[in-house]
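Comments concern the structure below.
When a ligand or atom number is given, it counts from 1 through the structure's own listing order.
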Amino acid sequence: MRTPFLAGNWKMHKTIDEAVAFANAVKGPLAEIEGVDKAVCASFVALPALSDVLADSEVMVGAQNMYWEEAGAYTGEVSPLMLKGVADLVIIGHSERRQYFGETDETVNKKLKAALAHGIKPIVAVGESLEQNEAGETESWVSGQVRAAFDGISAEQARGIVVAYEPIWAIGTGRAATPEQANQIIGEVVRATLAKLYGEDVAEDMVIQYGGSCKPSNIRELMSQPEIDGGLVGGASLDPESFIELVRGTAEVMEGMEE
Ligand code: PGA
């Protein structure tokens, strides 16, 4: 069975001090909640302090982006070598990076390969816009993004990659996809595309998160869906109590499913 994975994406929020205070507030309570993988993805500058505070905990630390080269004349970029030791994970291809910072399917693919080469676990984000959704293009768009992201990646490598399906119209809007909608796209589009690329066995093992207005009030419903293996959570991951509640909700649903 796949272990659900709840990851906070803090985006451009929290100073170093605020990140450390959050980590100190959640690490005790989260240690008591089993059966869910947990992570917070913070700004680059907060990663060293955050990884220190969370070193003796099971909460993983992630970056929100990375460049694919190891070093060189790339002003302002951060390489996989620089992340080693301070980040277990990296989010790649978030829609905000695609929208505002020129991320393309091609750069997503390069970054994914670089993360894998350096042993940093990638969370690759895909999702359609409102216009694409309304035009009935969700399936072709999302499966195209998955194919492009995984181009040249082996089945063995693919198993270690987390996919986050995040419909852009649900991000930061308070309007989450319905659990049924999210389940359908994750199962029939994301996992089905991965199955075509790598076979059913590999696709069945891969963790696929839902993201877009996940919150304590809807996390149980979302996690009750069989294809949804956790969440990539923005706004509702910023407050320690809310984050703990998201993890707790996920764990409770999983316990209920096992019974
Ligand atoms: P949200 O963001 O939870 O604030 O909608 C999710 C994301 O962008 O990863």
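Listed by number with element, the atoms of ligand 1 under 4.0 angstrom from any heavy atom of His94 are 7 (C), 8 (O), 9 (O). Residue Ser213 approaches ligand 1 through these ligand atoms, each under 4.0 Å from one of its heavy atoms: 1 (P), 3 (O), 5 (O). Shown in contact with Gly212 at under 4.0 Å from a heavy atom are these atoms of ligand 1, numbered in order with element: 5 (O).
Here the closest heavy-atom approach between residue Ile120 and residue Ala87 is recorded as CG2-O, 4.3 Å. Counting all heavy atoms, side chain and backbone alike, Gly93 lies closest to Val108 at CA-CG2, 3.7 Å.
Between Glu204 and Arg2, at least one side-chain N (NZ, or NE/NH1/NH2) sits under 4.0 Å from a carboxylate O, which counts as a salt bridge. A salt bridge between Glu245 and Arg220 is present, with a side-chain N of the basic residue lying under 4.0 Å from a carboxylate O of the acidic one. Salt bridge present: Asp229 and Arg191 bring a charged side-chain N and a carboxylate O closer than 4.0 Å. Between Asp105 and Arg98 there is a salt bridge, with a side-chain nitrogen of the basic residue lying less than 4.0 Å from a carboxylate oxygen of the acidic one.
Atom 7 (C) of ligand 1 has its closest protein heavy atom at Glu166 OE2, 3.1 Å. With respect to atom 2 (O) of ligand 1, the closest heavy atom belonging to the protein is Lys11 NZ, 3.3 Å. Atom 3 (O) of ligand 1 has its closest protein heavy atom at Gly234 N, 2.8 Å. Atom 4 (O) of ligand 1 has its closest protein heavy atom at Gly235 N, 2.8 Å.
By the criterion of a heavy-atom distance under 4.0 Å, the backbone of Ala170, and not its side chain, is placed next to ligand 1. At a heavy-atom cutoff of 4.0 Å, ligand 1 is contacted by both the backbone and the side chain of Ile171.
Close to ligand 1: Gly172, with a non-hydrogen atom less than 4.0 angstrom away.
The aromatic rings of Trp10 and Phe22 sit perpendicular to each other, their planes meeting at more than 60°, with 30° as the lower class boundary.
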